[in-house]
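Convention: sequence-line order gives letters A, B, ...; per-chain numbering from 1.
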Protein chains: 2
Amino acid sequence: MSDRLSTTFAALADPTRRAILARLALGETSVQKLAEPFAISLPAISKHLKVLEHAGLITRGRDAQMRPCKIDAAGFIGVEHWLEEYRKLWGQSMDKLESHLEVMKAQQAVRPAPKKKSRSVKRQGEGNARKD
Amino acid sequence: MSDRLSTTFAALADPTRRAILARLALGETSVQKLAEPFAISLPAISKHLKVLEHAGLITRGRDAQMRPCKIDAAGFIGVEHWLEEYRKLWGQSMDKLESHLEVMKAQQAVRPAPKKKSRSVKRQGEGNARKD
DNA sequence: GATGTATTTAACCCATGAGTTAATTAACCG
DNA sequence: CGGTTAATTAACTCATGGGTTAAATACATC
């Protein structure tokens, strides 16, 4: 997969990782804190962080035995720049489409309480990744 | 991977698919035409197109026995909108970072590099996808 | 130096994704 | 109808990605 952009997009193609980024958008924090909201193991989180770091989406420091993670613009810039090319393709209509998206997101946000889900749903539910 | 954004990012995480999009940015075209630049089989291209379509990045029509592909804003909007959240994190510094990226890309590109700065980003072939 | 805490590495399992070739569907044309 | 062109489906291989548990590393403190 080699190239940087592919690596970055691949990193973003996972709801858990996007949720981590969303959390980091609020500020630097430790791996443990990052892991809290998820129903997956710490090593799994650690792997996600490695992927994000490798994609240039986060950086990691060191504070005692903690490795605080911080969101990093670099990876985002790559995507931003790539998008640039296409943005001009639908110039005007973009606004309309964006507000349409807005509506869809709103609908999704207010959808009624889920019906009884039963069935041991241990794996963190795919659709629940917040904030992406 | 269920959710839309994950699907879209995953679709973009492949250089062949991004190259296809780059080609489609120039205009609607047939599957065969799309396949030409690549050293992979037609079925492989067909699969890529299905992925792109499912990600809302292209739409497909019908013209005789051809299924012309057309780039579609929808998928891009999703990404655009997702980025929006993060864009504000580094507001001002964004411009600086982008020009920095510009420099890096220039360095990465071969090296006919004349010292004069050119404003337009050339279409340096996105995907040298795999060949056997 | 032993102990506790934070995180990563190792060694696996299993699902999925990108590719293949061969066969099939779909539309046009003589 | 039979043949040709355009594209997809089927059936398979192989590599990789996300998850696991158990063990190892790194630092702080006693």
Side-chain angles (χ1 to χ4, degrees), chain A residues 1-3 6-21 24 28-55 57-70 120-129, chain B residues 1-3 6-21 24 28-55 57-70 127-132:
Chain A
M1 195 232 294
S2 50
D3 70 295
S6 295
T7 303
T8 304
F9 278 129
L12 294 175
D14 182 294
T16 301
R17 285 194 289 262
R18 289 199 309 279
I20 289 175
L21 288 176
L24 288 177
E28 196 166 343
T29 194
S30 76
V31 175
Q32 292 246 341
K33 285 283 168 56
L34 279 174
E36 260 167 33
F38 303 103
I40 62 179
S41 69
L42 220 49
I45 297 290
S46 190
K47 281 188 185 180
H48 280 308
L49 293 175
K50 189 186 278 185
V51 171
L52 288 170
E53 183 179 30
H54 192 240
L57 291 161
I58 68 171
T59 57
R60 285 190 278 184
R62 157 82 69 178
D63 173 11
Q65 53 242 255
M66 284 171 290
R67 272 83 158 179
C69 299
K70 191 164 68 167
S120 52
V121 181
K122 234 20 204 290
R123 286 283 186 284
Q124 81 141 66
E126 256 300 356
N128 280 357
Chain B
M1 195 236 291
S2 47
D3 69 295
S6 295
T7 303
T8 305
F9 278 130
L12 294 175
D14 182 293
T16 301
R17 285 194 290 263
R18 289 200 309 280
I20 288 175
L21 288 176
L24 288 177
E28 195 167 343
T29 193
S30 76
V31 175
Q32 292 246 340
K33 283 285 168 56
L34 280 174
E36 260 168 30
F38 303 103
I40 61 179
S41 68
L42 218 50
I45 297 289
S46 190
K47 282 189 184 180
H48 280 307
L49 293 175
K50 189 187 277 184
V51 171
L52 288 170
E53 183 179 30
H54 192 239
L57 291 161
I58 68 170
T59 57
R60 285 190 278 185
R62 157 81 72 180
D63 173 11
Q65 54 243 251
M66 283 171 288
R67 274 81 159 179
C69 299
K70 191 163 70 166
N128 309 343
R130 38 211 122 284
K131 48 263 168 177
D132 265 20

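- For the atom pair B/Leu21 CG and B/Leu52 CG, the distance stands at 5.0 Å (nearest 0.5 Å).
- Between B/His48 and the phosphate of C/dG17, there is no side-chain N or O to OP1/OP2 separation shorter than 4.0 Å.
- Across D/dT20, D/dA6, C/dG19, the shortest atom-to-atom separation from the side chain of B/Met66 is found for D/dA6.
- Rounded to whole Å, atom C1' of D/dA7 lies 13 Å from atom CD1 of B/Ile58.
- Rounded to an integer number of Å, the gap from CG of B/Leu52 to C1' of D/dA7 is 16 Å.
- Going from atom CD1 of A/Ile45 over to atom P of C/dT9 covers 15 Å, rounded to whole Å.
- What separates CD of A/Glu28 from P of C/dA6 is a distance of 17 Å, to the nearest Å.
- Distances shorter than 4.0 Å separate none of the side-chain N or O atoms of B/Ser46 from OP1 or OP2 on D/dA7.
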Report task. Report the C-alpha separation of A/Thr7 and A/Asp3 in whole Å, then their side-chain angles, then the decisive distance to 0.1 Å, and conclude whether the side chain to side chain contact (heavy atoms under 4.5 Å, CB included) test is met. Result -> CA-CA 6 Å; A/Thr7 303; A/Asp3 70 295; over 6 Å; no
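- Separating the NZ atom of B/Lys50 from the C1' atom of C/dG19 is a distance of 15 Å, rounded to the nearest angstrom.
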Report summary line: 5' to 3', nucleotides 24-30 of chain C under a 4.0 Å protein heavy-atom cut-off (B base, S sugar-phosphate only, - none) gives --SBS--
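- For residues 58-68 of chain B, every residue pair satisfying the side-chain hydrogen bond (donor to acceptor under 3.5 Å, both in side chains) rule, not counting sequence neighbours, is listed here: B/Glu53-B/Arg60.
- The phosphate of C/dG19 has neither OP1 nor OP2 within less than 4.0 Å of any side-chain N or O from B/Ser41.
- As a whole-Å value, the separation of B/Glu36 CD from D/dA6 C1' is 13 Å.
- No side-chain heavy atom of A/Ser30 sits less than 4.5 Å from a side-chain heavy atom of A/Pro68.
- The nearest pair of heavy atoms linking B/Arg17 to B/Ala11 is NE-O, 2.7 Å.
- B/Glu36 is linked by a side chain to side chain contact (heavy atoms under 4.5 Å, CB included) to B/Lys33, counting only residues two or more places apart in sequence or in another chain.
- Between A/Leu49 atom CG and D/dG18 atom P there is a gap of 13 Å when expressed in whole angstrom units.
- The side chain to side chain contact (heavy atoms under 4.5 Å, CB included) search around B/Ser41 returns B/Pro43, B/Ala44, not counting sequence neighbours.
- Between A/Arg60 atom CZ and D/dA26 atom C1' there is a gap of 14 Å when expressed in whole angstrom units.
- Not a single donor-acceptor pair, N or O on each side, falls under 3.5 Å between the base of C/dG17 and the side chain of B/Lys47.
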